[in-house]
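Heads up: the structure comes next, in structure tokens.
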Amino acid sequence: MSGYETPLFDLPKPPAPARQKAGSVLPGLGRPARREAGEGDGQGERGDQPSPTAPPSRSGSGHTSHAPHPPRDLEAMLDGLNPAQREAVVHSGTPLLIVAGAGSGKTRVLTNRIAYLLGERDVHPGEILAITFTNKAAAEMRERVEALIGPRARLMWVSTFHSACVRILRREHEHLGLPSSFTIYDADDSRRLMAQVARDLDLDVKRHPPRGLLAAVSSLKNELVDHESARDAAQSDREALIAEVYGVYQNRLIAARALDFDDLIMTTVNLFQAFPAVAESYHRRFRHVLVDEYQDTNHAQYVLVRELVGPADGEVPPAELCVVGDADQSIYAFRGATIRNILEFEADYPNAKTILLEQNYRSTQTILTAANAVIEKNRGRKPKNLWTDSGAGEQIIGYVADSEHDEAAFVANEVDRLTDEGLAKPGDVAVFYRTNAQSRAFEECFIRVGLPYRVVGGVRFYERKEVKDVLAYLRSLANPDDSVSVKRIINVPKRGIGDRAEAMLDALADRERISFGAAVDRADEAYGLAARSLNAVKGFAALMAGLREKVADGAGPAEVLEAILERTGYLAELQESTDPQDESRAENLQELVAVAHEYESTEGSEGIDGFLERVALVADADQIPGEHEDGLITLMTLHTAKGLEFPVVFLTGLEEGVFPHTRALGNVQELEEERRLAYVGITRARQRLYFSRAVLRSAWGAPAYNPESRFVAEVPKELIEWEREAPAPSSTAFGTQTPQLTASANKQRKTGFKSLGSSGREPISVAPGDRVIHDTYGLGTVVSVEGRTGEHATVDFGSEGVRKLVLAFAPLQKL
DNA sequence: TAGTTCATCCTTTTT
DNA sequence: GGATGAACTA
């Protein structure tokens, strides 16, 4: 994990704010900690010790506020920059908006600007707050500035919105008398909690799935609406329902002493608005606020930035604000981001200066022309025209595959060819797709042909079930009120506490107005709990008490994790299992312990709470995409690709319904967001760009026929050279280009597609006992055949396991 | 209570 | 093909 925080706390503490009524203004933190010191508080607040946070390998303290400046090298900061970039680096005095087209050197401008502030304008590093989109970007920026300016740069604060807010909340709790220890809920935890809320309110889960409720509540949160006012403003039944759900959900969060991802920002904003003195202390401190990827900020983040900058006519002059972004690269509206923030920047900050960076230093003119042509189709955007002086370059190569397997084979062949001809190495190549599920076809193919690859994103380490389970134990220890975590593990591994027992404990918790975790400790008082269940619950309570004792004795996260693995029998269960997957699960848990050890050895580590916070905020995917020197093909979603660049890019799955995604087809806004995603994908390529699609793609079991993506047609024809074009319309009843086959239509015609098979192969028919050979799994024996017309077969591949296959598409041959 | 089978509905994308 | 939930059996 590279997420590394420079402490904010080396500057004088801000004056304690006047005490005001905390109350309802601070959802999520409104309730004082019921438990006194003892649990979770042991580690104390270390914020004020200027803990040395430099990586051990580095030397030099850099902590004195007036350390001698490293040699000033103005030329290094401005060298090679074009006039617009220079202007952006040295601008001062008014808010600054840098509209940076793809590949226009945005990151360089930002880092050089910071270095310029530190080196030329004598700004103290502690006065700088730079907000990036990911932890990885933060780490890189810190590194680059340090390379320019020296170790002094470590004193500045570079982080994501979320990390920054957690820091602020942790720091301010003591002034406000709020609990310092809180649990951060990720999307999965929130969903579980919402499911509970749906049960509380007796909602029809079919009509109101927790996911949907969560999305609705989340958008209210980002608008900074509280549920009271939402209820008052409700126009329709649905709105009223959402407001009610919001209230119950929020109460549950408060009771669990938890904040979800949206709360982190919103609560900080509320804190600033409720306690102006706190807000002022921060904007007194941060004289320079820089925000990267401004087009992806949501309303709450926008307000937070305003609060940090401070009023134009305040007692303290506003901080110097510099935001960077490109409205055409906004791809997170689904998560609440508003392009409005960047489009209206000049209205929000009337004396703002705007600098446009249009010259591209990354791609060939062909690639840029394609990108421009696609993005032009979006309405209501400010015109922008990327250009380069580096020449036209190669044409885009297009390929129409029969199936997703064929598409993967094309990519593999092409990479081989480029490698053989010395035009590129596998490490130069990236394969982009719209959804994570699409990676499988490529992985299978690359494994078969022996191409080295890595998948970025996908199922992340911290999202794996076993890791989340064990972390839930740790969280339950750190915060016994965290009902989502306690419920998650109360019967994992199985110890005979079923739904009924859980319901009885829930009832007890309700009756006594205590948390679920507290009810576990008082299970004796629960009605209707079978003796056997009661014993099991008591056993669980004793287990937790034993572990808690260990925590109280000052054990660090690693030691506690090891105790959890052992005492719960979780690890033993995995080790005894014969399922080969459980082996890797056990390895993941060992890895988690190793991560905890590593965390403990980091200076300034803050015990279990700190470890959990780190785990919640640092996506481990951040560490993966680095330099391309290791010769691996990179596979990732288009969203993950933002901010990266590759010499060779394959844009795959260019089919209506895949990209653009089905869900976006009916909605202009969403379609435009898909188009921006296409724009992002295209502009990642430096020299070579490939478009590919599959005529026939099996999407969730059933095959689907998808016409060409509209984005392909939006690229001028002469830019694309088709290596293989769509086959002539076949004689089947459904033409290849039937526009917009809906999913349901596909389903109805499902059986009809069988005859097409994959890669031209005749579908085979098998019977139990037949010997077959599979491209990936090798030799096997058919165990059984399912489906009315025999479309699935279960085949035993011996050491490769027993697999269920779709006969029409499995690369399977009868012997 | 746990383990099994069956049905359904599904899916974006992520800090 | 996968995850989740409901219904049923041991």
Side-chain angles (χ1 to χ4, degrees), chain A residues 3 131-138 159-166 184-188 190-192 195 205-206 209-212 215 218 222 260-265 292-293 296-298 300-301 330-337 432-438 440-441 456-460 462-463 465 491 493-502 530 532-533 536 616-622 636-642 653 657-665 667 670 673-674 676-678 680-681 698-703 743-744 747 786 791-792 794 803-806 809-810:
Chain A
I131 298 173
T132 57
F133 194 69
T134 63
N135 288 297
K136 177 187 149 248
S159 79
T160 61
F161 274 107
H162 288 87
S163 301
C165 287
V166 169
I184 300 167
Y185 276 5
D186 68 9
D188 182 54
S190 299
R191 215 203 70 244
R192 284 164 181 263
V205 184
K206 288 252 150 51
R211 254 193 135 81
S218 166
N222 286 327
D260 67 20
F261 259 89
D262 298 319
D263 286 335
L264 292 177
I265 311 230
D292 196 5
E293 308 286 13
D296 285 322
T297 51
N298 61 28
Q301 291 165 332
S330 160
I331 53 175
Y332 285 100
F334 71 90
R335 176 170 107 185
F432 298 156
Y433 36 77
R434 179 64 235 274
T435 61
N436 279 308
Q438 286 166 254
R440 188 175 313 148
V456 180
V459 193
R460 277 172 278 258
Y462 291 114
E463 283 167 19
K465 180 182 177 300
N491 200 27
K494 297 253 182 291
R495 47 174 77 91
I497 304 173
D499 293 348
R500 187 176 161 78
E502 192 184 313
R532 192 161 54 133
S533 304
L617 291 175
V618 178
D620 61 321
D622 284 356
M636 61 175 124
T637 65
L638 285 152
H639 283 86
T640 326
K642 188 168 81 159
V658 175
F659 183 36
H661 194 272
T662 336
R663 297 276 296 231
L665 288 180
N667 177 314
E670 289 186 41
E673 177 144 322
E674 298 281 308
R676 289 193 290 270
L677 200 50
V680 168
S698 40
W700 70 90
S744 62
K747 236 172 205 164
E786 293 95 3
E791 54 269 83
H792 297 272
T794 306
R803 309 268 169 179
K804 198 166 176 183
L805 304 167
V806 180
F809 300 99

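Heavy atoms only: backbone and side chains are in, while hydrogens, waters and symmetry mates are out. These numbers come from a predicted model, not from an experiment. In what follows, every chain begins at residue 1, and chains take the letters A, B, ... in the order their sequences are listed.
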Would you mind classifying the nucleic acid contact of A:Arg191 as base, sugar-phosphate or nothing, using non-hydrogen atoms under 4.0 angstrom?
nothing

If each of A:Thr637 and A:Arg500 is mapped to the nucleotide of DNA chain B with the nearest heavy atom, which maps nearer the 5' terminus, i.e. the 5' end?
A:Arg500

Starting from C1' on B:dG3, measure out to NZ on A:Lys494 and report it in whole angstrom.
9 Å

Where the side chain of A:His661 is concerned, which of B:dT11, B:dT13, B:dT15 is the nearest nucleotide?
B:dT11

Look only at the side chain of A:Ser190 and the backbone of A:Asp186, and say whether a donor-acceptor pair between them is shorter than 3.5 Å.
yes

Less than 4.0 angstrom between a side-chain N/O of A:Thr640 and OP1 or OP2 of B:dT14, yes or no?
yes

Starting at CG of A:Asp263 and ending at C1' of B:dT15, how long is that distance when rounded to a whole Å?
14 Å

When you measure from the side-chain N and O atoms of A:Asn436 to the phosphate of B:dT11, is any distance below 4.0 Å, counting only OP1 and OP2?
no

What does A:Ala501 touch in the nucleic acid at a heavy-atom separation under 4.0 angstrom: a base, only the sugar-phosphate, or nothing?
sugar-phosphate

Verify the ring-centre separation between A:Phe432 and A:His639: is it less than 6.0 angstrom?
no

Between B:dT14 (C1') and A:Leu638 (CG): distance, integer Å
14 Å

Polar side-chain atom of A:Gln438 near backbone of A:Thr435 as donor-acceptor pair, under 3.5 Å:
yes

In whole Å, what is the span from the CZ atom of A:Phe334 to the P atom of B:dT15?
9 Å

Aromatic stack A:Phe261/B:dT15: centroid gap under 5.5 Å, interplanar angle under 30°
yes

Verdict with reasoning, A:Ser218 to A:Asp262, per side chain to side chain donor-acceptor pair (under 3.5 Å)
CA-CA 7 Å; A:Ser218 166; A:Asp262 298 319; 2.9 Å; yes

Measure the distance from CZ on A:Arg495 to P on B:dT1 and round it to the nearest whole Å.
14 Å

Picking from B:dT15, B:dT13, C:dG1, the nucleotide nearest the side-chain atoms of A:Arg440 would be C:dG1

Among C:dG2, B:dT1, B:dA2, which nucleotide has an atom closest to any side-chain atom of A:Asn491?
B:dA2

What is the distance, rounded to the nearest whole Å, between atom CD of A:Gln438 and atom P of C:dG1?
16 Å

Are the side chain of A:Arg191 and the backbone of A:Arg211 linked by a donor-acceptor contact shorter than 3.5 Å?
no

From the candidates B:dT15, B:dT1, C:dG1, the one with an atom nearest any side-chain atom of A:Thr134 is B:dT15

Taking atom P of B:dC9 as reference, at what distance in whole Å does atom CZ of A:Arg663 sit?
14 Å

For A:Phe133, which contact category applies under a 4.0 Å heavy-atom criterion: base, sugar-phosphate, or nothing?
sugar-phosphate

With nearest nucleotides of DNA chain B determined for A:Ala437 and A:Ile497 from heavy-atom distances, which residue corresponds to the more 5′ nucleotide?
A:Ile497

Take atom OH of A:Tyr462 and atom C1' of B:dT14, then tell me their distance rounded to the nearest Å.
17 Å

